[in-house]
Amino acid sequence: MDLKSNHTSPVLTDPAPLGKSRLGVHSSLLPYSPPGTAFPTGLLLTIPRRKNGFLDDVRSSSWLDAMKSSSPPHRKITKDVNNESAATEADIAYRTWMVKYPSALTSFEQITNYAKGKRIALFLDYDGTLSPIVDNPDCAFMSDAMRVAVKRVAKHFPTAIISGRSHDKVFKFVGLNELYYAGSHGMDIMGPVRHGFRSTEKQGKDVNLFQPAAEFLPMISEVLKSLVESTKDIEGAKVENNKFCVSVHYRNVDEKSWAVVAQRVHDILKNYPRLRLTHGRKVLEVRPVINWDKGKAVTFLLESLGLSDCEDVLPIYIGDDRTDEDAFKVLREGNRGYGILVSAVPKESNAFYSLREPSEVMEFLKALVIWRKSSAL
Ligand SMILES: O=P(O)(O)OC[C@H]1O[C@H](O[C@H]2O[C@H](CO)[C@@H](O)[C@H](O)[C@H]2O)[C@H](O)[C@@H](O)[C@@H]1O
């Protein structure tokens, strides 16, 4: 089996001139709208005009709000009466939310009833899904128990990890050869070693990759350097090289300085109209303006595996972040499969089901293996 590369170039050839939208707002400041789609009229009306510069825009728009809400704080468990009632309220809100996004564990029978006679294809996000969110992105290790669970599930179902991280980094964390990996939000796709897909550059052999943003590499390296330089004096800021994307982390930056982080990122991005910015969990993600995302990567992998347009295939995608919504949407809109959102707080999503945290993801993966083994008897 080989990864087909018959896709037309996803590079958008007509970015807004000089990074400006029709309203004169830098395109990287607009809430993300998939390339190629028109901005809804309502959105156009609510975008604030520039006054004295970017900070005015940031403070008066939803941009800083997006930074603030990008990863809800963990709830502190204390015996304080006020905290207890807040916790109860949060629990009620979560249970109410679960009516719309039922737990994939309690709905397991429903899921497997639908999966009977079908081939499941499994797509897993990494951070916040297979590993818990931690302060230092370099220490987001996956537990051995989770690794075993992923390894076992991959024996029964084609399994891919689709991450915002660089392909190499996520592979280092996961360390399983039998999986497909799509790094840089799906812009760097590679298949299992046993199928001969892993990069063998060092041995001078062919590489089997799909890299729709390859032409952006020099630009991304340049921006990476500039971002490192311009944020080095902001305490706690961290710039991460994700090959085709750059992450600017502000999780460890004092909230008072978040606007400064935003300002510095903007000052650099205004010179790069072919790059855009999306929000992750306490992270600003700089990426090429191309018509490619995790949803497209799922479609690509299904096609490459000969699993698309098959009535008997059930793709399941598990993820926790906004970028995973592109994949949930592809599955929901095509009525193709199930998205499962990992979240401990209520969030609007295109997913069908939910899981609270990575430990529940592990339970779900284990349950899939048990179900598959028992249904094969
Ligand atoms: O698509 P993903 O695999 O979920 O990658 C998205 C980003 O994940 C990482 O950042 C997030 O996790 C860190 C470790 O827990 C956390 O410190 C950070 O605040 C989160 O945003 C990764 O470091 C980023 O590069 C990815 O873009």
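As the structure is a prediction and not an experimental result, all values here were calculated from the model. Just so you know, ligand 1 is whichever comes first in the structure, and atom 1 is the first atom listed for that ligand.
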Will you find, in the side chains of Lys296 and Asn291, an N or O donor that is under 3.5 Å from an N or O acceptor?
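On atom types as modelled, these side chains qualify, holding a pair under 3.5 Å.
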Centroid-to-centroid, Tyr353 to Tyr101, below 6.0 Å?
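No, too far apart.
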Would Phe210 and Trp292 count as a close aromatic pair, with their ring centres under 6.0 Å?
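Yes, close enough.
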Within ligand 1, which atoms have a heavy atom of Pro132 less than 4.0 Å away?
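So the atoms of ligand 1 that pass are 15 (O).
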Give the atom numbers and elements of ligand 1 that come within less than 4.0 Å of a heavy atom of Val283.
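Every atom of ligand 1 under 4.0 Å from some heavy atom of Val283: 21 (O).
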[X] N/O to ligand 1 N/O under 3.5 Å:
{"X": "Val134", "value": "yes"}
{"X": "Lys294", "value": "yes"}
{"X": "Asp321", "value": "no"}

Given Asn136, Asp127, Asn241, which one has a non-hydrogen atom that is nearest to atom 12 (O) of ligand 1?
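The residue whose heavy atom sits nearest atom 12 (O) of ligand 1 is Asp127.
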Of the choices Glu240, Lys169, Lys238, which has the non-hydrogen atom that lies closest to atom 24 (C) of ligand 1?
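Heavy atom nearest to atom 24 (C) of ligand 1 belongs to Glu240.
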Proximity to ligand 1 by part of Ser163, non-hydrogen separation under 4.0 Å
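It is both parts that get close, each with some atom under 4.0 Å.
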Take atom NZ in Lys151; do more than 12 heavy atoms of anything else shown fall under 6.0 Å from it?
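Counting neighbours around NZ of Lys151, 12 or fewer heavy atoms of other residues, nucleotides or ligands fall under 6.0 Å, so no.
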Around atom 21 (O) of ligand 1, find the nearest protein heavy atom and jot down its residue, atom name and distance.
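Of every protein heavy atom, Arg281 O, 2.4 Å lies nearest to atom 21 (O) of ligand 1.
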